[in-house]
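To keep things clear, I will list the structure first and then write my remarks on it.
Worth knowing before you read on, the calculation uses all heavy atoms, side chains too, and leaves out hydrogens, waters and symmetry mates. In listed order, ligands and their atoms are each counted from 1.
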Amino acid sequence: MTASNAPTLLDTVTVPLGDRSYDIQIGNGLIANLGTVIAPVLDQKRTVIITDENVAPLYLETAQNALEAAGIQTQAITLKAGETTKSFQSYQNLMDQLLTLGVERKDTLIALGGGVIGDLTGFAAATLRRGVNFIQVPTSLLAQVDSSVGGKTGINTPHGKNLVGAFYQPRMVVADISVLNSLPKRELQAGYAEVVKYGLIDDPDFFNWCLANGSNIFNGDHSAQAYAIATSCRSKARIVAEDEREGGKRALLNLGHTFGHALEAECAYDGTLLHGEAVAIGMVMALDLAARLGTGSDTEKDLLTTHLRDVGMKTRPTEIGRKFTSDKLLHHMEQDKKVEAGKMVFIAGGIGRAEVRKDVPVDMVRQVLDASLCS
Ligand SMILES: NC(=O)c1ccc[n+]([C@@H]2O[C@H](COP(=O)([O-])OP(=O)(O)OC[C@H]3O[C@@H](n4cnc5c(N)ncnc54)[C@H](O)[C@@H]3O)[C@@H](O)[C@H]2O)c1
Ligand SMILES: O=C(O)C(=O)C[C@@H](O)[C@H](O)[C@H](O)COP(=O)(O)O
Ligand SMILES: [Zn+2]
């Protein structure tokens with residue numbers, strides 16, 4: 001290996017889950033050295049890479065060469081890019097292909113891509129032969145800061161987002177920040193929404209860091225990117241370690257998602273609205289709700305809105321170019337996985353003070369929706 005292609009490991013975050021604990025390795029050039037990076041967690045040297053049609057031409061060959069150089073057998077499956085790939089149909093096709101390849105229990109699936117590939121591959125890994133190993137190699141900012149960590153896997157259904165899935169942890173997460181150079185700006189912005197989320201949940205200092213430095217993430221500043229990824233992953237790892245299966249505190253990671261998932265479902269996952277874009281709008285609505293509940297303020301909502309707009313993001317459903325109604329959005333929200341005894345659960349609080357609220361009157365939710373739909 002020459003000095004120019006040696007990997008640089010910038011940080012390692014551990015997700016502490018007893019005998020299912022795993023590391024998130026954050027660095028540069030990790031995909032070009034994937035074989036040596038992942039070898040310690042493989043049960044046998046046989047892998048299948050699952051990726052998408054945008055990522056494959058950029059990074060598949062590099063990943064395959066690196067695995068082969070380390071004596072690890074590998075095959076590849078390339079899927080269509082985009083949210084529609086998180087469907088029953090692609091899940092079935094993927095399972096057929098994996099079984100045709102003769103994947104064994106001790107083989108390892110490698111998700112090389114964004115959150116769509118990670119969520120689908122994770123669900124396939126959880127269910128194939130009742131569970132095979134998998135490794136996340138996230139290539140979008142969103143996947144590096146959020147979806148590759150914590151073991152939520154699954155697919156969408158016409159009833160709503162992620163309604164079929166499993167909690168199933170990867171053996172390792174390999175976040176190579178050099179791949180963010182090829183990520184389109186719109187995708188970086190979508191991922192950035194989930195970065196800001198960690199500040200809003202319980203880390204006002206990190207929120208302030210975002211206000212001051214967040215825009216550097218879009219300028220290709222690797223140190224800002226690495227800091228944002230490591231801080232986000234540390235925050236998520238801490239919450240997941242406390243409440244892996246979302247009995248309580250993990251719901252905080254859903255900040256903005258009850259509203260956001262409803263917007264996504266109304267757009268039928270057709271690419272009009274990316275997940276992170278929906279979360280950005282949903283977080284503004286969640287802060288509006290907090291202001292109405294008295295646990296946050298309009299000033300905090302405005303601060304978030306201004307920051308998201310400063311980095312070029314939309315903050316209102318009216319900017320999407322689709323007609324939404326409160327009734328239809330409420331209908332989707334009733335399908336949310338946090339619903340208890342028929343009552344919706346929200347994450348609402350001021351900046352750095354998110355709380356789980358089970359006592360929100362439906363009328364107040366409707367006021368938030370109505371206000372956002374006519375602003
Ligand atoms: N499991 C979780 O905890 C969790 C958390 C957050 C989001 N999610 C899910 O993640 C999904 C969204 O993930 P996403 O935003 O990564 O979307 P995505 O997987 O669709 O990736 C975004 C786009 O960028 C392309 N891409 C990815 N990496 C690239 C790179 N390095 N260079 C160029 N193009 C690249 C992809 O092909 C795709 O077109 C949603 O389905 C969401 O529900 C899951
Ligand atoms: O990991 C979690 O927990 C999250 O809620 C992270 C979210 O960003 C992510 O979008 C998640 O998939 C949403 O979870 P869901 O249970 O509402 O589908
Ligand atoms: Zn999310």
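- Between Lys301 and the choices Thr299, Leu303, Leu304, Thr305, the side chain to side chain contact (heavy atoms under 4.5 Å, CB included) rule is met once, by Thr305.
- A 4.5 Å side-chain heavy-atom check between Glu244 and Arg20 finds at least one atom pair inside the cut-off.
- Heavy-atom proximity to Ser182, at under 4.0 Å, picks out these atoms of ligand 1: 30 (C), 31 (N), 32 (N), 33 (C).
- Counting only non-hydrogen atoms, the option in Gly154, Ser147, Gly150 that gets closest to atom 8 (N) of ligand 1 is Ser147.
- The name of the N, O or S atom in Glu194 nearest to the Zn ion (ligand 3) is OE2.
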Could you go step by step and tell me if Glu319 and Arg309 meet the salt bridge (charged side-chain N to carboxylate O under 4.0 Å, His left out) rule? CA-CA 12 Å; Glu319 295 168 284; Arg309 297 191 81 76; 2.9 Å; yes

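- Among all non-hydrogen protein atoms, the one lying nearest atom 36 (C) of ligand 1 is Asp52 OD2, 3.3 Å.
- Ile38 is listed as a side-chain neighbour of Leu67, based on a closest heavy-atom distance under 4.5 Å.
- From the protein, the heavy atom lying nearest to atom 9 (C) of ligand 1 is Asp119 OD2, 3.4 Å.
- Residue Lys161 approaches ligand 1 through these ligand atoms, each under 4.0 Å from one of its heavy atoms: 40 (C), 41 (O), 42 (C), 43 (O).
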Stepwise ring pair (Phe, Tyr, Trp, His ring centres under 6.0 Å) test for His159 and His332: CA-CA 7 Å; His159 293 275; His332 287 296; 9.6 Å; no

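- In Glu194, the part holding a heavy atom less than 4.0 Å from any atom of ligand 1 is the side chain.
- Distances below 4.0 Å separate heavy atoms of Ser140 from the following atoms of ligand 1: 14 (P), 16 (O), 28 (N).
- Atoms of ligand 1 lying under 4.0 Å from any heavy atom of Lys236, numbered from 1 in the order shown and given with element: 3 (O).
- The contact set between ligand 2 and His275, taken as ligand atoms under 4.0 Å from a residue heavy atom, comprises 10 (O).
- Around atom NZ of Lys249, more than 12 heavy atoms belonging to other residues, nucleotides or ligands sit under 6.0 Å away.
- Within His257, the N/O/S atom positioned nearest the Zn ion (ligand 3) carries the name NE2.
- Shortest contact from atom 39 (O) of ligand 1 to any protein heavy atom: Asn54 ND2, 3.0 Å.
- Of the N or O atoms in Lys152, one or more lie within a sub-3.5 Å distance of an N or O in ligand 1.
- A 4.5 Å side-chain heavy-atom check between Glu83 and Asn156 finds at least one atom pair inside the cut-off.
- Scanning the protein heavy atoms around atom 3 (O) of ligand 2, the nearest turns out to be Arg250 NE, 2.7 Å.
- At least one N or O atom of Val179, backbone or side chain, sits closer than 3.5 Å to an N or O atom of ligand 1.
- Ligand-side atoms of ligand 1 in range of Leu58: 32 (N), 33 (C), range being under 4.0 angstrom from any heavy atom.
- Atom numbering of ligand 2 starts at 1 in the shown order; those under 4.0 Å from a heavy atom of Lys236 are 1 (O), 2 (C), 6 (C).
- Ile229 is listed as a side-chain neighbour of Leu180, based on a closest heavy-atom distance under 4.5 Å.
- Between Gly115 and ligand 1, at least one pair of N/O atoms sits closer than 3.5 Å.
- Among all protein heavy atoms, the one lying closest to atom 13 (C) of ligand 2 is Asn254 ND2, 3.6 Å.
- In terms of N/O distances under 3.5 Å, ligand 2 is not approached by Asp336.
- Ring geometry for Tyr227 against Trp209 counts as tilted: the plane angle lies between 30° and 60°, on a 0 to 90° scale.
- Scanning His261, Lys152, His257 for the heavy atom closest to atom 9 (C) of ligand 2 points to His257.
- The N/O atoms of Leu180, backbone and side chain alike, include none that comes under 3.5 Å of an N/O atom in ligand 1.
- Taking every heavy atom of Lys86 and a limit of under 4.0 angstrom, the matching atoms of ligand 1 come to 9 (C), 40 (C), 41 (O), 42 (C), 43 (O).
- Among Gln144, Glu83, Arg250, His275, the residue whose heavy atom lies nearest to atom 41 (O) of ligand 1 is Glu83.
- Within ligand 2, counting atoms from 1 as listed, the ones closer than 4.0 Å to a heavy atom of Asp146 are 6 (C), 7 (C), 8 (O).
- By the 30° and 60° cut-offs, the orientation of the rings of Phe134 relative to Tyr168 is parallel.
- Near Thr139, with a cut-off below 4.0 Å to any heavy atom, the atoms of ligand 1 are 27 (C), 28 (N), 29 (C), 30 (C), 31 (N).
- In summary, the side chains of Ser326 and Asp370 do present a donor paired with an acceptor at a separation below 3.5 Å, with no hydrogens or angles considered.
- The protein heavy atom nearest to atom 12 (O) of ligand 2 is Asn162 ND2, 3.3 Å.
- Using a 4.0 Å cut-off to heavy atoms of Lys197, the atoms of ligand 2 that qualify are 6 (C), 7 (C), 8 (O).
- Contact annotation: the side chain of Glu104 approaches that of Gln44 to within less than 4.5 Å [non-hydrogen atoms, C-beta and beyond].
- No side-chain donor from either of Asp327 and Thr325 sits under 3.5 Å from a side-chain acceptor of the other.
- If you look at Thr153 next to ligand 1, there are no close heavy atoms at all, none under 4.0 Å.
- The option with the heavy atom closest to atom 34 (N) of ligand 1, from among Leu253, Leu183, Val240, Asn181, is Leu183.
- The closest side-chain donor-acceptor pair between Asp119 and Thr153, if any, does not fall under 3.5 angstrom.
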